[in-house]
Every structure is written in structure tokens, then in C-alpha cells.
2 protein chains.
Amino acid sequence: MLIAEVSEKFELSQDTLRYYERVGLIPRVNRKNSGIRDYTEEDCRWVEFIKCMRGVGLPVETLIDYVRLFQQGDETLETRKELLVEQHKELLIRMADMQKVLERLEGKIDRYDQMIGTAHQITGFSPVNFVESKGK
Amino acid sequence: MLIAEVSEKFELSQDTLRYYERVGLIPRVNRKNSGIRDYTEEDCRWVEFIKCMRGVGLPVETLIDYVRLFQQGDETLETRKELLVEQHKELLIRMADMQKVLERLEGKIDRYDQMIGTAHQITGFSPVNFVESKGK
DNA sequence: GCTTGACTTGGAGTTAACTCCAGAGAGTAA
DNA sequence: TTACTCTCTGGAGTTAACTCCAAGTCAAGC
């Protein structure tokens, strides 16, 4: 598979694909005689995996570590697992934070709805204290 | 309240607090005669709010818009609400993505557990296909 | 009056993660 | 052969969001 096809398939620019390979986010892709990249199915799976993980913000550094460990073979199974467990933990924390913000936004939106509904009656009422001061 | 106290209280560097104000992430803080910032409770609430929103990745640009709209008064209530609704929507999307990744990581971790448990029996078994090829 | 420490401003520097570019080579089409 | 298209590499440039720095001000303590 040529880089143009992989780029199309995963909606990643060719530059990004080359960058991923250069920094070690995916293992080195084989070249044809002419030096042109020829992506295998396996390569594509790596691309998809990395795109997915980057998509939710796993750090490039960490993913590079994972790929490096992977290439070192079975001795690193434990370490790789621990790396994944750590990332799983981080994700959980971030999702909990987001859940909190989600609820906070909902509260704020509700209050805006109320204010908009009665906006003409209560002129001079400061939105500052009403909206911002709740749940300091 | 002095900048040092606010910095301490919210665990944001003084530079970050000044930066937030400079770019409009929080409204302008009043100064004493000597020119030194004197944060009110209201200012602190803004700092907390912005820290919280930035913490889950809402873009600086968007939050600046929100603050700007806020300062324009009641005419922007509707717009502000829409902005919050949009961010709420985005958060939901991101959380759904993260949920998927969470499950994917769990699957991967399970497979690593299996492999580690039987690592001595199955020598020569390639982790590449076993771990990476599932659920292409 | 002088030193010290916290604060000010404007502007430059940093970091992460791409993104773009110049110059060159290979393969195909006329 | 010439032109065109796709790709290559190494390196420079960009963007977002801080982070650091130099030079200066001010209030308090000695």
C-alpha cells in the first residue's frame, strides 16, 4: 500500500505518516527498491492504533516508548502491560474530570435558560453573581 | 488578594495568572495605587472557572470569547449559552472516544495478562499478531 | 537613606506535535 | 527524450499555550 492510500484511508496527511514513522510512533515501514514506502496490513494496524490513541491525547512520548518496547520482544511484555495500565488509569482520571465539567456546564446552561426566559422582567439583574457565583 | 496568594490557592504560576489576564481568559483585575493586582472574590471565581475548563481542554480561544461576551452584558446571554452548549457537545464526543479507548486498553491488558501467565510455555509465539491484530 | 523582596510590564523563549518546503529520484505517458 | 506525477529526505516553520527574563517600581525594615 502506498502512502497516498494509507493517508486517504486513515485521514492522516502523508507528512504526519512520515513524521509518525520518523519519531518512532510506528515501526519502520519497508521500502520498495525505489525507496518508496510499501505499507503492509500490519503497518496499517499500527497506524490505526496510534491514530486512535493520539486521538484521545495519549502523549507521543509514551506511545513511542510502547512501540520501542514492543520491538524489543517478549522480555518487555510486563513493562508494556504496565504502561497500558498506567495510561488506562490516566484516562479514567481525565474522564472523571470531564464528567464534572459536563455537569457543571449543564448547570450553567440551565441557569442561562432561566435567565433568557425571564430576561425582560428582571432587567438590571447582574448575570455575574447569578451565573458565576454558584458552586464557587 | 495578592497574586502570590491566588497562585498558591489555585496552583497556577503567577506567570500563568498574568497570562490569563493578558489574553482575556479572565476579566481585568483591579490594581492598587502602586499598580499591584488586588484579586477580588469574583476574580478568584473566574480563575477557578478557567482553570477548571482549561483542565479538560476547552480551547483558550473559546474561553476568551466567552469572557468577552460576558463583559458585553445581557445582550449576549443567548450567544453565551450556545457557546456552552457547543462545548458540552464537544465534551460528550471526546468522552465517547475515550470510553472506546478505555475498553480497547482493557482488552489489550487482558491479553497481556494471558500472555504473561503462559509466557514460558508458548515460546516463539509472536506477540505482534496476538496483541496487535485483534479487532483491526 | 539604603537594601530587600514582591510586584510590574513588554517581549522573548520553550515545548509538543505537527506541517511545510526544497531539491532530487523513479516510473509512466506522449 | 521530455514532461508529469508521486514519492523521498533533511530540515525549517508553525501553532497553542504557556514560561521565562530583564529592567523598573514600590513599600517595609534597618
Side-chain angles (χ1 to χ4, degrees), chain A residues 1-40 43-44 46-68 87 90 94 97 101, chain B residues 1-40 43-44 46-68 87 90 94 97 101:
Chain A
M1 226 176 167
L2 293 176
I3 197 168
E5 305 172 78
V6 179
S7 165
E8 175 86 5
K9 181 167 182 179
F10 296 108
E11 297 178 290
L12 289 170
S13 75
Q14 300 189 15
D15 272 316
T16 298
L17 287 170
R18 284 187 281 255
Y19 162 74
Y20 279 3
E21 183 179 344
R22 180 161 43 174
V23 300
L25 268 172
I26 60 170
R28 183 181 164 79
V29 174
N30 265 341
R31 318 292 150 113
K32 305 188 204 181
N33 291 343
S34 49
I36 284 176
R37 286 175 181 78
D38 188 17
Y39 290 79
T40 62
D43 293 328
C44 286
W46 273 108
V47 169
E48 190 277 334
F49 174 65
I50 292 299
K51 179 186 171 169
C52 179
M53 297 300 131
R54 286 293 304 128
V56 298
L58 296 229
V60 166
E61 264 306 303
T62 308
L63 293 168
I64 289 174
D65 285 347
Y66 182 73
V67 174
R68 193 175 33 68
Q87 292 310 308
E90 299 281 326
R94 285 172 48 207
D97 288 348
V101 170
Chain B
M1 226 176 167
L2 294 176
I3 197 168
E5 305 173 77
V6 178
S7 165
E8 176 85 5
K9 181 166 181 178
F10 296 109
E11 297 179 290
L12 289 170
S13 76
Q14 301 188 14
D15 272 318
T16 299
L17 287 170
R18 283 187 282 256
Y19 162 74
Y20 279 2
E21 184 179 343
R22 181 161 44 175
V23 300
L25 267 172
I26 59 171
R28 183 181 165 79
V29 174
N30 265 341
R31 317 293 150 114
K32 305 189 204 181
N33 291 343
S34 51
I36 284 176
R37 285 175 182 79
D38 188 17
Y39 290 79
T40 63
D43 292 328
C44 286
W46 273 109
V47 169
E48 190 277 335
F49 175 65
I50 293 300
K51 179 186 172 169
C52 178
M53 296 300 130
R54 286 293 306 126
V56 298
L58 297 228
V60 166
E61 264 305 303
T62 308
L63 293 168
I64 289 173
D65 285 348
Y66 181 74
V67 174
R68 194 176 32 68
Q87 293 311 307
E90 299 280 327
R94 285 171 48 208
D97 288 349
V101 170

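Note that the structure is predicted; figures quoted are calculated from it, not measured. Residue numbers start from 1 in every chain, and the chains themselves are labelled A, B, ... in the order their sequence lines are given, proteins ahead of strands. All values below were derived from every heavy atom in this structure, side-chain atoms included, with hydrogens, water molecules and symmetry-related copies excluded.
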For A:Thr62, which residues count as a side chain to side chain donor-acceptor pair (under 3.5 Å) partner, sequence neighbours excluded? none

B:Ile26 side chain reached by B:Asp43 side chain, heavy atoms, under 4.5 Å: no

Using a cut-off of strictly less than 4.0 Å, decide whether B:Thr16 has a side-chain nitrogen or oxygen near OP1 or OP2 of D:dA17. no

Phosphate OP1/OP2 of C:dC18 contacted by A:Tyr20 side-chain N/O (<4.0 Å): yes

Give the rounded distance in Å between these two atoms: [atom1] of [X] and [atom2] of [N].
X: B:Leu63; N: D:dC18; atom1: CG; atom2: P; result: 10 Å
X: A:Asn33; N: D:dC8; atom1: CG; atom2: P; result: 14 Å
X: B:Ile50; N: D:dA17; atom1: CD1; atom2: P; result: 12 Å
X: A:Tyr19; N: C:dA17; atom1: OH; atom2: C1'; result: 4 Å
X: A:Phe10; N: C:dC18; atom1: CZ; atom2: C1'; result: 19 Å
X: B:Ile64; N: D:dC18; atom1: CD1; atom2: P; result: 10 Å
X: A:Asn30; N: D:dT7; atom1: CG; atom2: C1'; result: 16 Å
X: B:Leu25; N: D:dT19; atom1: CG; atom2: P; result: 13 Å

So, taking the atom named CG in B:Leu2 and the one named CD in B:Gln14, what distance separates them when rounded to the nearest 0.5 Å? 9.5 Å

Looking at OH of A:Tyr66 and CG of A:Leu58, how far apart are the two atoms once the value is rounded to the nearest 0.5 Å? 11.5 Å

Tell me, with the steps shown, if B:Val60 and B:Ile64 meet side chain to side chain contact (heavy atoms under 4.5 Å, CB included). CA-CA 6 Å; B:Val60 166; B:Ile64 289 173; 3.6 Å; yes

Please list, chain by chain and in numerical order, all residues satisfying side-chain contact (heavy atoms from CB on, under 4.5 Å) with A:Arg28, sequence neighbours excluded. A:Glu21, A:Arg31

Reading nucleotides 4-16 of chain C from the 5' end, what letters show protein touch, with B for base, S for backbone sugar-phosphate only, - for no heavy atom under 4.0 Å? ---SBBBB-----

